[in-house]
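Working notes for the structure below.
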Amino acid sequence: MPELPEVETVRRGLLTSLVGETIERVEILRRDSIAFPSPKEFAKLLPGHSFSNISRRGKYLLFELSNEAGLAVHLRMSGRLLLTDQDKGDGKFLRVRLVLNNRQELRFEDMRVFGRLWYVHPRSSFEEVIPTLKTLGVEPLEGLSAQTLRSLFKNRSQSIKSALLNQQIIAGLGNIYADESLFGARIHPLRPANTLTLAEIRGLATEIEKVLSKAIALGGSSLRDYTDSRGVNGNYQNDASVYGRHGQSCRVCGNSIKSLRIVGRRSTFCPICQEG
DNA sequence: GGCTTATCCTGGGCGC
DNA sequence: TGCGCCCAGGATAAGC
């Protein structure tokens with residue numbers, strides 16, 4: 001499932017090959033995938049625009065288009081953006097097709113149909129169309145300091161795992177990298193966020209940055225549905241310490257990796273290394 | 001305001 | 001073989 005490293009990998013992959021290209025035609029195969037405006041308007045408004053830049057905020061991909069219009073994409077759990085030749089056969093889960101002027105097309109595939117696309121009018125902004133963008137927390141790769149984290153956790157009695165998944169605190173972390181960061185910092189996922197010491201928070205901030213940077217360098221994780229914009233799998237899953245390793249031996253202490261449900265999400269951890 | 005829970009959605013895995 | 005159930009999880013609304 002795409003988290004910050006996977007979204008960033010897609011962004012970097014598309015940036016080199018998509019900027020400068022023009023959208024000629026839009027085909028919507030699943031109306032649910034279009035969040036704004038209506039699917040009919042979406043297909044009518046995008047053609048003629050060219051891509052001028054691609055940025056990222058949390059797990060949102062933000063495409064800046066010509067004439068100051070925009071296109072936003074959230075991959076959610078199983079979304080993929082694939083840049084392919086037009087004559088290549090369609091995948092089973094193709095939802096939206098953006099046909100380009102260079103015999104290629106940008107395809108949005110999404111098995112679970114949770115992912116969404118937004119068109120942003122020239123006189124509007126990404127934040128106006130997607131109000132959630134205004135509520136997103138700090139970007140973990142832009143200088144995540146222990147002091148910042150401490151103030152964010154100060155009044156939070158919820159578990160640290162729950163806090164890390166809260167996009168209003170840190171933007172971009174999901175289940176995989178929250179579990180991996182907590183393992184690296186040796187913190188139990190059920191510890192209330194406001195009970196962490198400054199030393200623990202410092203360790204956690206370091207681990208978050210380390211885990212995310214390493215995952216980006218390895219092209220993300222491909223534990224289930226994710227590939228990059230060329231359909232290539234990431235490699236981080238081979239390096240995961242706890243995620244997806246329930247019942248296996250901890251790489252540090254050798255004890256069995258456990259899992260439990262926290263706020264509806266499976267959390268995987270080592271009960272020995274993450275005792276406190 | 002903080003926090004948890006239910007909901008959306010679909011394919012894969014498993015048991016019978 | 002076929003059926004039914006459970007699980008995975010990001011964002012959001014609803015409820016406490």
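What you are looking at is a predicted structure, and each value in this text was computed from that prediction instead of being measured. Lettering of chains follows the sequences in order, A, B, ..., and the numbering in each one begins at 1.
- The existence of a salt bridge linking A/Asp110 and A/Arg30 is excluded, since no basic side-chain nitrogen approaches an acidic carboxylate oxygen closer than 4.0 Å.
- If you check every strand for non-hydrogen atoms under 4.0 Å, A/Arg156 touches sugar and phosphate atoms only.
- For DNA chain B, the outermost nucleotides in 5' to 3' order that have an atom under 4.0 Å from a heavy atom of chain A are B/dC3 to B/dG11.
- A/Glu207 has a carboxylate O that lies under 4.0 Å from a charged side-chain N of A/Lys210, or vice versa, which qualifies the two as a salt bridge.
- A/Phe63 places a side-chain heavy atom less than 4.5 Å from the side chain of A/Leu81.
- Distance, A/Leu133 CG to C/dG10 P: 17 Å, rounded to whole Å.
- Between A/Arg116 and A/Val263, the one whose closest nucleotide on DNA chain B sits nearer the 5' end is A/Val263.
- With respect to A/Arg57 and A/Glu139, a salt bridge is recorded, a charged nitrogen being found less than 4.0 Å from a carboxylate O.
- Taking for each of A/Ser162 and A/Arg30 the nucleotide of DNA chain B with the nearest heavy atom, the 5'-most of the two is the partner of A/Ser162.
- Heavy-atom contacts from other residues, nucleotides or ligands closer than 6.0 Å to CD of A/Glu68 number 12 or fewer.
- Salt bridge status for A/Arg107 with A/Glu109: absent, with no side-chain N to carboxylate O gap under 4.0 Å.
- Distances shown here put every side-chain N or O of A/Gln167 at or beyond 4.0 Å from the OP1 or OP2 atom of C/dG10.
- With centroids closer than 5.5 Å and planes inclined by less than 30 degrees as the test, A/Phe114 and the base of C/dA11 fail to qualify as a stacked pair.
- Distance A/Leu75 CG to C/dG9 C1': 14 Å, rounded to the nearest Å.
- Each end of the helix from B/dG2-C/dC16 to B/dC16-C/dG2 gets its own rotation axis from five pairs of C1' atoms, and the angle between them is 50° to the nearest 10 degrees.
- Between A/Arg112 atom CZ and C/dG10 atom P the separation is 10 Å, expressed in whole Å.
- If you take CG of A/Leu164 and P of C/dG10, they are 12 Å apart, rounded to a whole angstrom.
- Under 3.5 Å, the side chain of A/Arg265 and the base of C/dA8 form no donor-acceptor pair of N or O atoms.
- Contact annotation: A/His74 does not reach the phosphate of C/dG10 (side-chain N/O to OP1 or OP2, under 4.0 Å).
- Rounded to a whole Å, the NZ atom of A/Lys59 is 6 Å from the C1' atom of C/dG10.
- Counting only N and O atoms by type, the side chains of A/Gln167 and A/Tyr60 include no donor and acceptor under 3.5 Å apart.
- The aromatic rings of A/His49 and A/Tyr119 sit tilted relative to each other, their planes meeting at an angle between 30° and 60°.
- In this model, the phosphate group of C/dG9 is approached by a side-chain N or O of A/Tyr243 to a distance below 4.0 Å at OP1 or OP2.
- In this structure, CD1 of A/Ile262 is placed 17 Å from C1' of C/dG10, rounded to the nearest angstrom.
- If you take CZ of A/Arg266 and P of C/dA8, they are 4 Å apart, rounded to a whole angstrom.
- Contact annotation: A/Thr132 reaches the phosphate of C/dT12 (side-chain N/O to OP1 or OP2, under 4.0 Å).
- Other residues, nucleotides and ligands contribute more than 12 heavy atoms inside 6.0 Å of the CZ atom of A/Arg56.
- Remark: A/Asp179 does not engage A/Arg266 in a salt bridge, criterion side-chain N to carboxylate O under 4.0 Å.
- Between the C1' atom of C/dA11 and the CZ atom of A/Arg76 lies a distance of 4 Å, rounded to the nearest Å.
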